Amino acid sequence: MEDEWLWGWDATPGIVSVWAEPDGRAYVWRRIPKTGELVREDVRFRPWLLLASLEDLAHLGSRLRPESEGASRYQVTWQELEGPGALRYLVRGDDGRALASAVLEGASRRLGRPVGHMKELGANASLMLPPEEQYLVTSGRTYFRDLAFDELRRMQFDLETTGLDPAHHRVFLVALRSPDGETETLEAQGDDDSAEADLLYHLVERVRAWDPDVIENHNLHGFDLPFLARRAKHLGVSLALGRGGAPGLRHRPSARGAALGRPVPGAPPDAMRRARYTVPGRELIDTLDAVLRHDFSTRDLPGHGLKAVARHLGLAGPEREHIPGARVYEVFRTDPARVRRYAKDDVTEAAGLARLLGGAAFALARMAPRRYERLADAGAATGVLDPLLVRAYLRQGAALPAHEEGDGTSHSGAALHLFASGVARRIVKADVASLYPSLMRQYRIGPKRDRLGVLLALVDRLVDQRLAAKGRARAAAAGSPERFTNEALSAAMKLVVNSAYGYLGAVGLTRFSDVHAANEVTRQGRAVLGLLCRELARRGVTLLEADTDGVYFSVPEGWEEVDERRVVSEVAALLPPRVRLEFDGRYAAMLSHEPKNYALQPYAGPLVLRGVAFRSSRAEPFGEAFLRRALSCLLAGDVQGIRDVYVSTVMALRRRQVPTPEVCAQVRLTKTRAQYLAIRSRRRELPYEAMLANGQQDWPMGEQVRVYRATGSRAGLLPMPEADDAAASWPRDYDVEYYVRLLRETFAARLVRALAPGDFRTVFDDPGQPSLFTPSLADAKPILTVLTAPEEPEPSA
DNA sequence: TAGTTTCGGGG
DNA sequence: GTGTACGAAACTA
């Protein structure tokens with residue numbers, strides 16, 4: 001039974017896409033395992049919805065009857081689900097639209113006013129899923145059973161356009177990668193409408209010829225599809241990208257969707273980010289979603305752009321062609337071969353990324369009763385757990401609770417302690433793996449209204465089956481489909497398990513949310529963190545920072561790694577059985593600056609910087625470089641070294657030896673010239689001042705530029721870097737004293753906790769103003785300031 | 001410091 | 001149009 005809750009119950013293998021219509025027709029595309037042959041099954045299902053009351057259907061009279069009397073054509077049937085939930089009538093009919101209309105008709109009569117949409121009846125009166133999900137929930141089918149990721153036919157395409165705005169710019173080239181891995185480009189033969197229309201037509205032809213199950217690209221839903229849709233509409237080209245000659249792209253609402261409502265008149269059109277598209281028979285997968293999901297747990301990506309991620313993950317080849325986005329079209333006109341290489345590299349990387357990070361969504365689609373493309377961009381709580389719970393309740397014939405407003409109880413959070421700030425040596429990090437789900441299992445904390453205990457049952461099963469999947473992955477050969485599948489399963493299961501706590505706390509968003517249960521989880525979490533901090537402290541270590549489920553501490557001089565591991569396992573033994581404290585790493589030194597802001601010096605390897613104080617995307621490169629060098633000295637205990645780095649940086653600025661690009665901040669222009677001029681009297685902004693001062697009449701929205709403060713309160717402007725402009729020399733007319741001040745006040749300030757006040761003044765004394773008496777730094781040492789002792793336990797609830 | 005707005009990402 | 005539902009960082013009061 002519990003396996004059915006997690007995996008469904010229908011063994012049909014190889015489903016790669018499902019499309020259903022409200023009238024009860026469903027199309028199921030399957031790949032036959034082994035042969036890879038594609039088949040389409042046309043099936044019928046009986047559309048259904050859940051209602052809190054049958055009152056609004058009473059007007060159907062004899063056309064409404066209990067399910068137990070059997071269904072016949074033109075009849076609406078109902079079945080009462082068992083148990084206390086508000087949504088207790090499962091109502092079915094031949095046609096979903098007619099079913100909804102009947103309810104709306106009844107509601108209109110009852111209320112004496114027209115009711116046009118189910119939502120007007122309130123979320124607690126009904127539940128009507130999209131047709132595909134109705135079909136998947138009642139059939140117990142899921143995608144991809146017995147199918148390996150690499151058996152899916154996946155193609156990628158990437159548009160090259162003359163600009164970002166489809167109202168003014170065109171598609172001039174499309175790079176394609178076939179399911180067999182061949183890349184090619186299609187190009188417009190001219191720069192008019194008919195050439196572009198021809199290009200779109202050929203793209204559609206390619207898709208039909210290759211007939212992929214999945215179409216992928218990076219930011220597919222945010223850029224390529226909306227751009228394509230807009231151009232196709234303008235050009236009158238039919239975008240029949242779906243299977244079976246069905247009509248073109250359709251919209252679907254999406255998670256990153258209508259949060260800010262419809263486009264605001266006068267505001268820049270930002271509809272791109274908010275639209276999602278769908279077509280029958282193929283799944284439209286955006287690798288950006290996989291990247292966001294990946295970074296949510298790892299938090300180690302330098303950005304979310306295709307190139308940055310591909311480089312970071314080792315997917316970019318050494319020959320990778322690169323062209324700044326804004327120059328692609330102009331390069332194409334002089335050197336088209338270069339743009340072709342660039343665009344092909346893009347689709348190759350998108351395919352690599354899709355495979356490397358896309359396994360989790362693929363595995364989720366084997367569990368949850370939703371389309372693969374929806375699971376790829378869904379949040380795990382509302383997007384995965386909610387559908388699993390709904391299916392489980394219906395499978396058991398149990399009534400579903402309605403959404404419930406919070407009772408005003410606020411959500412209490414995790415513990416965060418900064419025990420000491422400054423510099424410490426011999427650092428150990430220990431943390432609890434999956435703390436919150438472990439506590440839910442340990443203390444059986446689940447939603448009050450989940451009377452079947454489905455959520456905890458799912459978490460139990462997922463944790464156990466994840467261990468099994470990890471074991472199978474380890475046993476399988478590296479690079480084998482078996483390894484890939486099991487790693488993907490493990491990643492998907494981790495995702496779902498870790499969202500179980502978030503599910504509890506999402507009051508008003510998830511069907512079974514329970515803020516009291518969520519608070520009990522965090523309370524137990526704080527208790528565990530408090531206990532392990534006290535027990536560590538009792539064993540002679542110095543606590544530095546503890547956050548939610550992990551702690552950094554410093555061990556006494558003379559301790560070896562075995563001693564470090566020994567205290568961790570001693571303390572681990574005192575925790576509840578399911579709560580596993582693990583040794584997570586050791587470092588030579590740490591600068592603890594503020595909560596969640598610290599620098600770590602590993603015993604081998606480069607400095608690790610965490611938190612906004614140490615990582616800022618727009619920070620001036622010279623300051624960033626200074627900070628890295630200064631922190632290296634600091635964590636090595638070399639205070640004089642910090643002084644030397646500071647003096648040399650200040651001198652380099654004053655001698656104008658720092659190249660201008662090093663003092664630039666990289667910014668994106670988000671206001672038009674007119675918008676900026678309208679607010680300019682109230683607020684001056686350097687980037688726009690730079691554009692105006694440099695005679696830029698207007699600029700495209702979203703343009704990236706590098707700006708700096710130049711002498712005489714002017715604003716300096718540099719174009720974005722080119723691959724080949726390393727040798728270019730820019731005027732060194734930056735405002736030296738402004739940047740000296742910035743160095744001291746913004747960058748040096750990150751070290752204020754690390755030095756005694758007198759030493760700090762000496763280290764960052766202005767080298768240009770010799771003082772009468774300069775104290776020596778020879779004996780100066782970084783300091784550590786202990787702020788608080790570990791707290792006593794909270795009174796138990 | 002808290003509350004609000006912007007941005008990501010794509011050419 | 002198959003209904004919702006972002007989160008972190010930057011900015012403003």
Side-chain angles (χ1 to χ4, degrees), chain A residues 18-23 47 96-97 100 117-119 123 127-135 158-166 168-173 217-228 249-261 267-268 270 272-274 276-278 280 286-289 291-293 295-296 299 301 303-309 323-332 339 342-343 346 350 370-371 374 377-379 381-383 386 403 506-510 513 612 615-618 667-668 670-671 682-683 685 700-704:
Chain A
V18 174
W19 185 264
E21 297 289 347
D23 63 5
R97 271 202 205 92
H117 201 285
M118 298 289 283
K119 79 167 180 188
L127 170 68
M128 190 166 191
L129 297 178
E132 286 86 16
E133 294 178 21
Q134 293 179 34
Y135 171 70
D158 185 51
L159 304 184
E160 300 304 329
T161 66
T162 59
L164 290 170
D165 182 356
H168 301 111
H169 302 125
R170 294 184 186 282
V171 184
F172 68 88
L173 182 148
N217 194 23
H218 200 67
N219 207 15
L220 179 73
H221 286 287
F223 180 71
D224 300 87
L225 290 175
F227 200 102
L228 207 51
L249 292 172
R250 306 196 202 183
H251 280 279
R252 70 174 165 97
S254 80
R256 268 188 304 287
L260 299 178
D270 194 24
M272 288 206 158
R273 198 59 212 134
R274 320 216 169 273
R276 294 261 171 181
Y277 292 87
T278 190
D286 191 335
T287 50
L288 178 58
D289 292 316
V291 164
L292 295 174
R293 192 176 260 171
D295 198 36
F296 185 76
R299 291 169 194 285
L301 293 179
H304 298 145
L306 177 65
K307 284 89 180 164
V309 176
I323 306 172
R327 297 205 46 222
V328 169
Y329 185 50
E330 110 192 28
V331 171
F332 181 71
V339 174
Y342 166 75
D346 269 7
R370 292 195 126 177
R371 291 193 65 176
R374 278 201 88 179
D377 73 283
T382 54
D386 243 4
H403 282 77
V507 173
L509 301 182
T510 56
S513 65
V612 285
R615 303 182 60 150
S616 169
S617 56
R618 55 173 289 182
V667 297
R668 181 183 288 270
T670 57
K671 301 184 177 93
R682 275 181 288 137
R683 209 183 127 77
E685 294 182 38
M701 288 292 273
E703 173 97 329
Q704 287 203 342

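Keep in mind that what you see is a predicted model, and the values were worked out from it rather than measured. Proteins come first, then strands; the chains are lettered A, B, ... in the order of their sequence lines, and each starts at number 1.
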* Under the ring-ring contact (aromatic ring centres under 6.0 Å, His included) test, which residues partner A:Tyr342, sequence neighbours left out? -> none
* Parallel, tilted or perpendicular for A:Phe332 and A:Tyr329, by the 30°/60° rule? -> parallel
* Asked: Pick from A:Leu220, A:Leu225, A:Asp224: which one makes a side chain to side chain contact (heavy atoms under 4.5 Å, CB included) with A:Tyr277?
  -> A:Leu225
* Determine, for A:Glu132 against A:Arg374, whether the closest basic-nitrogen to carboxylate-oxygen distance falls under 4.0 angstrom. => no
* Nearest-angstrom distance from the residue atom CG of A:Asp224 to C1' of B:dG10 -> 7 Å
* Could you state the atom-to-atom distance from CZ of A:Phe227 to C1' of B:dG10 in whole Å? => 10 Å
* A:His304: what forms a side-chain hydrogen bond (donor to acceptor under 3.5 Å, both in side chains) with it, not counting sequence neighbours? -> A:Asp295
* What integer distance in Å separates A:Leu159:CG from B:dG9:C1'? -> 14 Å
* **Atom pair distance, as rounded to whole Å: NE2 in A:His168 and C1' in B:dG10** => 18 Å
* Asked: Picking from B:dG9, B:dG11, C:dT4, which would you name as closest to the side chain of A:Arg374?
  -> C:dT4
* Indicate, with a heavy-atom threshold strictly under 4.0 Å, whether A:Ile323 touches base, sugar-phosphate, or nothing. => nothing
* Structure fact -> Whole-Å distance, A:His117 NE2 to C:dT4 P, equals 10 Å
* Structure fact -> From the candidates B:dG9, C:dT4, B:dG11, the one with an atom nearest any side-chain atom of A:Asn219 is B:dG9
* **Residue A:Leu306, side-chain heavy atoms: nucleotide from C:dT4, B:dG10, B:dG11 that is nearest** => B:dG10
* Would you say B:dG11 has OP1 or OP2 under 4.0 Å from some side-chain N or O of A:His169? -> no
* Structure fact -> A:Leu225 atom CG is separated from B:dG11 atom C1', nearest whole Å, by 15 Å
* Asked: In whole angstrom, what separates A:Asp377's CG from B:dG9's C1'?
  -> 15 Å
* Starting at atom CG of A:Asp165, determine the distance to atom C1' of B:dG9, rounded to an integer number of angstrom. => 15 Å
* **Sugar-phosphate, base or nothing in reach of A:Asp386, heavy atoms under 4.0 Å** => nothing
* To do: Describe the nucleic acid contact of A:Asp158 in one word from base, sugar-phosphate, nothing, applying a heavy-atom distance below 4.0 Å.
  => sugar-phosphate
* Pick the P atom in C:dA10 and in B:dG9, then give their distance to the nearest Å. => 12 Å
* **Listed nucleotide nearest any side-chain atom of A:His218, set C:dG1, B:dG10, B:dG11** => B:dG10
* With side-chain contact (heavy atoms from CB on, under 4.5 Å) as the test, would you mind laying out the steps for A:Phe223 and A:His218 before giving the verdict? => CA-CA 9 Å; A:Phe223 180 71; A:His218 200 67; over 6 Å; no
* Asked: Which part of the nucleic acid, if any, lies within contact of A:Leu129, taking any heavy atom under 4.0 Å across all strands shown: a base, the sugar-phosphate backbone alone, or nothing?
  -> sugar-phosphate
* Distance, P atom - from C:dA9 to C:dA5, rounded to whole angstrom -> 22 Å
* Within the structure shown, what part of the strands sits under 4.0 Å from A:Arg97 by heavy-atom distance: base, sugar-phosphate, or nothing? -> base
* Asked: Contact class for A:Met128 vs. all strands (heavy atom < 4.0 Å): base, sugar-phosphate, or nothing?
  -> sugar-phosphate
* **Sugar-phosphate only, base, or nothing, as touched by A:Gln134 at under 4.0 Å among non-hydrogen atoms** => nothing
